[in-house]
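As structure tokens, the structure follows; a few thoughts come after it.
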Amino acid sequence: MKNIYICGIPRSGKTTLSKKIKEIYPQYNLFSFEAIRNGFIESQPELNMENRNSVARKEILPKHFITFAEWNYKITGNPSLIEGSFCNIKKLNELVNDDSIIICLGLGCIDIDSFSNNIIKYDSESDYTKKWSLNKIKNHFNDQYEIDRFNYEYCKCNNIKYYNTNIDREKIITKILEEIKAYCE
């Protein structure tokens, strides 16, 4: 069994996929990068982790999280399943060891209008964007197109699986579950 890191842009299906993996493989310890980050934001505001470009958020938190996952596996004997919008795919790839799996989800590098409509399409009642207007979604996620494009190109050049969850998300998630089966049993 290997630690699994599910990363990618917001609203691409990371939480949905991680919950399905946890359901099938209950031995995995599931951790949300955003939950840990938000805990740091509340408990240690001096780190300035609310700022997406802070050193703490881009450098310290990802390294802490990955080290935590590796130690968790050593101590408990159970692998970690970590999902979230990490630093960036390059940083994540530099930090994880070879006994880990990185899965990158994206929306196929679509434009902001399609991206925003996709968020609305897949929103559930518990999603933080559920009650947002289309304009608020567009403004909040405006930078995600470039991040998704970078993730796609980086994955292609570094033998990391990038999955476009923009079209037929359930089918893609089923495909991922089938592909990781050998690593999880």
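Side chains included, hydrogens not; waters and symmetry mates left out as well; all remaining heavy atoms used. For reference, positions follow the sequence shown, starting with 1.
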Query - Backbone of L134 reached by a side-chain donor or acceptor of S116 within 3.5 Å - result: no
Report summary line: Residues joined to Y162 in its hydrophobic cluster, side chain to side chain under 4.5 Å directly or through other members, sorted by chain and number, are Y152
Query raised in the report: What residues, two or more places apart in sequence or in another chain, satisfy salt bridge (Lys or Arg N to Asp or Glu O under 4.0 Å) together with K130?
Result: E125
**Report entry** Separation between CD of E179 and CD1 of I101, rounded to the nearest 0.5 Å
**Finding:** 10.5 Å
Report task. Could you give me the CA-CA distance, side-chain angles and deciding distance for K20 and E170, then say whether salt bridge (Lys or Arg N to Asp or Glu O under 4.0 Å) is met? Result -> CA-CA 11 Å; K20 287 186 185 270; E170 285 302 315; 3.7 Å; yes
Report task. Give the C-alpha distance, both sets of side-chain angles, the deciding distance and a yes or no for side-chain contact (heavy atoms from CB on, under 4.5 Å) between K181 and Y25. Result -> CA-CA 9 Å; K181 196 178 205 175; Y25 305 103; 3.4 Å; yes
Requested in this report: Output yes when a side-chain donor or acceptor of S114 lies under 3.5 Å from a complementary backbone atom of I110, and no otherwise.
Outcome: no
Query raised in the report: Can you tell if the side chain of L17 reaches within under 4.5 Å of the side chain of I176, non-hydrogen atoms only?
Result: yes
Query raised in the report: By the rule that ILVMFWY residues connect when side-chain heavy atoms come within less than 4.5 angstrom, directly or transitively, which residues belong alongside I167?
Result: none
**Report entry** Nearest heavy-atom neighbours spanning I89 and C104
**Finding:** CD1-CB, 4.1 Å
Report task. Report yes if the side chains of N29 and L81 come closer than 4.5 Å at any heavy-atom pair, otherwise no. Result -> no
Query - From R37 atom CZ to S32 atom OG, the distance as rounded to the nearest 0.5 Å - result: 8.0 Å
Requested in this report: Taking only Lys NZ, Arg NE, NH1 and NH2, and the carboxylate oxygens of Asp or Glu, determine whether E83 and K19 approach each other closer than 4.0 Å.
Outcome: no
**Report entry** Selection residues 34-64 - residue pairs positive for ring pair (Phe, Tyr, Trp, His ring centres under 6.0 Å), sequence neighbours left out
**Finding:** F40-H64
**Report entry** Heavy-atom closest pair, residues C7 and I102
**Finding:** SG-CG2, 4.0 Å
**Report entry** Side-chain donor/acceptor of N117 to backbone N/O of D113, under 3.5 Å
**Finding:** yes
Query raised in the report: Hey, does Q144 have a side-chain heavy atom less than 4.5 Å from the side chain of I147?
Result: yes
Query raised in the report: Short question: side chain of T76, backbone of N72 - any donor-acceptor pair under 3.5 Å?
Result: yes
Requested in this report: Using distance alone, with no hydrogens and no angle criterion, decide if Y73 and D99 have a side-chain donor and acceptor under 3.5 Å apart.
Outcome: no
Query raised in the report: Is the shortest heavy-atom distance from the side chain of I180 to the side chain of I103 under 4.5 Å?
Result: yes
Query raised in the report: What's the verdict on side-chain contact (heavy atoms from CB on, under 4.5 Å) for K91 and K63, showing C-alpha distance, side-chain angles and the deciding distance?
Result: CA-CA 9 Å; K91 183 71 172 173; K63 187 172 185 177; 5.9 Å; no
Requested in this report: Answer yes if the side chains of N118 and N166 hold a donor-acceptor pair under 3.5 Å, and no otherwise.
Outcome: yes
Query raised in the report: Side chains of W132 and I119: does their closest heavy-atom pair fall under 4.5 Å?
Result: no
Query raised in the report: Between the main-chain N or O of L107 and the side-chain N or O of S12, is there a donor-acceptor pair closer than 3.5 Å?
Result: no
**Report entry** Listed once per pair and sorted, the ring pair (Phe, Tyr, Trp, His ring centres under 6.0 Å) pairs that draw on residues 104-125, sequence neighbours left out
**Finding:** F115-F141
Query raised in the report: Stepwise, does the side chain to side chain donor-acceptor pair (under 3.5 Å) test hold for Y128 with E34?
Result: CA-CA 12 Å; Y128 65 95; E34 279 75 16; over 6 Å; no
Query raised in the report: Is the closest side-chain heavy-atom distance between Y145 and I9 below 4.5 Å?
Result: no
Query - Minimum-distance pair of heavy atoms, taken over all atoms of I82 and A69 - result: CD1-CB, 3.2 Å
Query raised in the report: So, the side chain of S85 versus the backbone of G8: is there a donor-acceptor pair under 3.5 Å, distance only?
Result: yes
**Report entry** Side chains of F150 and K90 in contact at under 4.5 Å (non-hydrogen atoms)
**Finding:** yes
Query raised in the report: Has the side chain of N3 got a donor or acceptor atom that lies under 3.5 Å from a matching backbone atom of S80?
Result: yes
Query raised in the report: Hey, does the side chain of K22 reach the backbone of Y28 with a donor-acceptor pair shorter than 3.5 angstrom?
Result: yes
Query raised in the report: Ignoring hydrogens and geometry, is there a side-chain-to-backbone donor-acceptor pair from S100 to V96 under 3.5 Å?
Result: no
Requested in this report: List, by chain and then residue number, the residues other than I75 in its hydrophobic cluster (Ile/Leu/Val/Met/Phe/Trp/Tyr, side-chain heavy atoms under 4.5 Å); write none if there are no others.
Outcome: W71
Query raised in the report: Does R149 pair with E153 as a salt bridge, N-O distance under 4.0 Å?
Result: yes
Report summary line: Applying ring-ring contact (aromatic ring centres under 6.0 Å, His included) to F31 and not counting sequence neighbours gives F68
Query raised in the report: What distance separates N151 CG from E146 CD, expressed to the nearest 0.5 Å?
Result: 11.5 Å
Requested in this report: Apply side-chain hydrogen bond (donor to acceptor under 3.5 Å, both in side chains) to S43 and list each qualifying residue two or more places apart in sequence or on a separate chain.
Outcome: none
Requested in this report: Could you pull out all residues at least two apart from D143 that satisfy salt bridge (Lys or Arg N to Asp or Glu O under 4.0 Å)?
Outcome: R52
Query raised in the report: Do L177 and Y163 share a hydrophobic cluster, counting only Ile, Leu, Val, Met, Phe, Trp and Tyr and linking them when any side-chain heavy atoms are less than 4.5 Å apart?
Result: yes
Requested in this report: List in chain and number order the residues that pass side-chain hydrogen bond (donor to acceptor under 3.5 Å, both in side chains) with N164, two or more places apart in sequence or in another chain; answer none if no residue qualifies.
Outcome: none
Query raised in the report: With sequence neighbours left out, what residues match D98 under side-chain hydrogen bond (donor to acceptor under 3.5 Å, both in side chains)?
Result: none
Requested in this report: Answer whether the closest heavy-atom distance between the side chains of Q44 and M49 falls below 4.5 Å.
Outcome: no
Query raised in the report: Looking only at heavy atoms, what is the nearest atom pair of G84 and F33, with distance?
Result: CA-CB, 3.8 Å
Query raised in the report: Can you tell me if CD on E50 sees more than 12 non-hydrogen neighbours from other groups inside 6.0 Å?
Result: no
**Report entry** Under the side-chain hydrogen bond (donor to acceptor under 3.5 Å, both in side chains) test, residues paired with D123 that sit two or more places apart
**Finding:** R11, T129
Query - Closest heavy-atom pair and its distance - T165, R169 - result: O-NE, 3.3 Å
Query raised in the report: Can I60 be reached from I66 by stepping across I, L, V, M, F, W or Y side chains whose heavy atoms are under 4.5 Å apart?
Result: no
Requested in this report: Check the pair N38, I41 against side-chain contact (heavy atoms from CB on, under 4.5 Å), reporting the backbone distance first and the verdict last.
Outcome: CA-CA 5 Å; N38 291 344; I41 288 170; 3.8 Å; yes
